[in-house]
Amino acid sequence: MTLLLEVKNLTKKFGGLTAVNDVNFEIERGEILGLIGPNGAGKTTLFHLISGFEKANSGTVRFDGIDITGLKPYQIVNLGMARTFQLVRSFRFLNLLDNVAVAILSARGKAAFGEIGIDEAASTILSEVGLVDKARVPPVILPHGDLRRLEIGKALGTNPEMLLLDEPFSGLVHEEKEKITQLINRLRTEGVTIFVTGHVLRELMTLVPRVIAMHHGRLIAEGPPKEVANNRIVLEAYLGRGEEFA
Ligand SMILES: Nc1ncnc2c1ncn2[C@@H]1O[C@H](COP(=O)(O)OP(=O)(O)OP(=O)(O)O)[C@@H](O)[C@H]1O
Ligand SMILES: [Mg+2]
C-alpha cells in the first residue's frame, strides 16, 4: 500500500474559534477511512481544507505526492480528488443527465470519458448510482436519498481517485442508507479511495475498517470502529453534548 493523502499539522481558525486544530493523519491508496465527531467537531471544515474550499491558517495537505495546500477546488478535482457536500447542491435547472455531464466536462472527466461521449458516460454513471431511470427529470422533484446519490454521481463524473463524502447518510431512512452503503462498497472494490464522515459511528461500523474521531477541532482517537466505540474520550465528547453516539 502506498500513501495517497497526507495531512500534517492542519489548522483553521474562524476568529477566536479553532475549528481544525493541528490535525495529522494519513490515508493509504485504496483505503476507506471514516471520520466521526459530534456536531461542530470540525469534520466539514476539515473536508473544506482538504478539498480547497477553505484556506488553512497553517499545515499542509499532500495528495498523491503533490502539495495541494492552497490550491483551488477545480485544481484539486483535476488531480483526482472529488467531494460531496453535507447539504446537497445540484444544478437545479438541469436534468440529472446534464448534472453529471457538467462534471464530465471537467478536464479530468473529459480525459477519462471523452471518447465514449459525454451523454453516454453520464448515463453509465447514473446507472451506477441507481438513477438512470430518472435521467431526464430535474433534481428538485427527487427525494433526499436520490439527491445524495446524485451528489456521488456528479463526483464520479470527474473520474476521481479519491472521494470525500461528507455525511452521505444524513437525513436518510434505513433503506436509502443501505443503497448508499452498497454504492460506497462497490466504488471501493473498483479501487476508489474513500474518506467518509458520519455523525454517529453506527452508520460507519460495517463500512470502514478504520475510523478517526474529532472533537473541538482535534483528533481524539483512531482505530477500528469497535475500538473507537469503546473509547472513553470519544464517549465523553458525545455524551458531553447530549448527543447520540452509536
Ligand atoms: N465559515 C465559518 N465561520 C465561522 N465559524 C465556522 C465556519 N464554518 C464552521 N464554523 C464553526 O467551526 C466549527 C466546526 O464546524 P464544522 O461544520 O466543521 O463541524 P462538523 O463536525 O462538520 O459539524 P456537523 O456534525 O454539524 O456537520 C463549528 O463551531 C462551526 O460553528
Ligand atoms: Mg459537518
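Counting starts at 1 for both ligands and their atoms, in listed order.
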Engineer: Determine whether any heavy atom of Glu167 lies closer than 4.0 Å to an atom of ligand 1.
Structural biologist: yes
Engineer: Looking at non-hydrogen atoms alone, which of Thr197, Val20, Thr45 comes nearest to atom 18 (O) of ligand 1?
Structural biologist: Thr45
Engineer: What protein heavy atom is closest to atom 9 (C) of ligand 1, reported as residue, atom name and distance in Å?
Structural biologist: Phe14 CE1, 3.5 Å
Engineer: Any protein heavy atom lying closer than 4.0 Å to atom 22 (O) of ligand 1?
Structural biologist: yes
Engineer: Got a sec: is Thr197 within less than 2.8 Å of the Mg ion (ligand 2) via an N/O/S atom?
Structural biologist: no
Engineer: With nothing but distance in play, are any N or O atoms of Ala41 less than 3.5 Å from an N or O of ligand 1?
Structural biologist: yes
Engineer: We want to know whether Arg29 and Thr2 form a side-chain donor-acceptor pair, criterion being a heavy-atom distance below 3.5 angstrom.
Structural biologist: yes
Engineer: Relative to atom 19 (O) of ligand 1, which among Gly198, Gly217, Gly42 owns the nearest non-hydrogen atom?
Structural biologist: Gly42
Engineer: Numbering the atoms of ligand 1 from 1, which are under 4.0 Å from a heavy atom of Thr44?
Structural biologist: 17 (O), 18 (O), 20 (P), 22 (O), 27 (O)
Engineer: Please determine whether the number of non-hydrogen atoms from other residues, nucleotides or ligands lying under 6.0 Å from atom NZ of Lys8 exceeds 12.
Structural biologist: no
Engineer: Does atom CD of Glu190 have more than 12 heavy-atom neighbours, drawn from other residues, nucleotides or ligands, at distances under 6.0 Å?
Structural biologist: yes
Engineer: Say whether Asp22 and Thr11, considering side chains only, have a donor N or O and an acceptor N or O under 3.5 Å apart.
Structural biologist: no
Engineer: To which protein heavy atom is atom 14 (C) of ligand 1 closest, and what is the distance rounded to 0.1 Å?
Structural biologist: Gly40 O, 3.4 Å
Engineer: Write out the residue and atom name of the closest protein heavy atom to atom 29 (O) of ligand 1, then the distance separating them to 0.1 Å.
Structural biologist: Leu17 CD2, 3.5 Å
Engineer: Atom 25 (O) of ligand 1: which of Met214, Lys12, Lys43 has the nearest heavy atom?
Structural biologist: Lys43
Engineer: Taking N, O or S atoms only and a limit of 2.8 Å, check whether Gln86 reaches the Mg ion (ligand 2).
Structural biologist: yes
Engineer: How far is atom 26 (O) of ligand 1 from its nearest protein heavy atom, and which residue and atom is that?
Structural biologist: Asn39 ND2, 2.8 Å
Engineer: Apply the test salt bridge (charged side-chain N to carboxylate O under 4.0 Å, His left out) to residues Lys154 and Glu151: give CA-CA distance (whole Å), side-chain angles for both, the deciding distance (0.1 Å), then the verdict.
Structural biologist: CA-CA 5 Å; Lys154 285 189 298 174; Glu151 278 285 287; 3.1 Å; yes
Engineer: Inspect the contact between Glu236 and Arg232 and indicate whether a charged nitrogen and a carboxylate oxygen are less than 4.0 angstrom apart.
Structural biologist: yes
Engineer: Taking a hydrophobic cluster as the set of Ile, Leu, Val, Met, Phe, Trp and Tyr residues connected by side-chain heavy atoms closer than 4.5 Å, whether directly or through intermediates, do Leu187 and Leu165 fall within one such cluster?
Structural biologist: yes
Engineer: Would you kindly specify which portion of His199 sits under 4.0 Å from ligand 1, judged on non-hydrogen atoms: side chain, backbone, both or neither?
Structural biologist: side chain
Engineer: Rounded to the nearest 0.5 Å, how far does CE of Met81 lie from CG of Leu5?
Structural biologist: 5.0 Å
Engineer: Can the positive tip of Arg210 be found less than 6.0 Å from the middle of the six-membered ring of Phe25, inside 45° of the ring normal?
Structural biologist: no
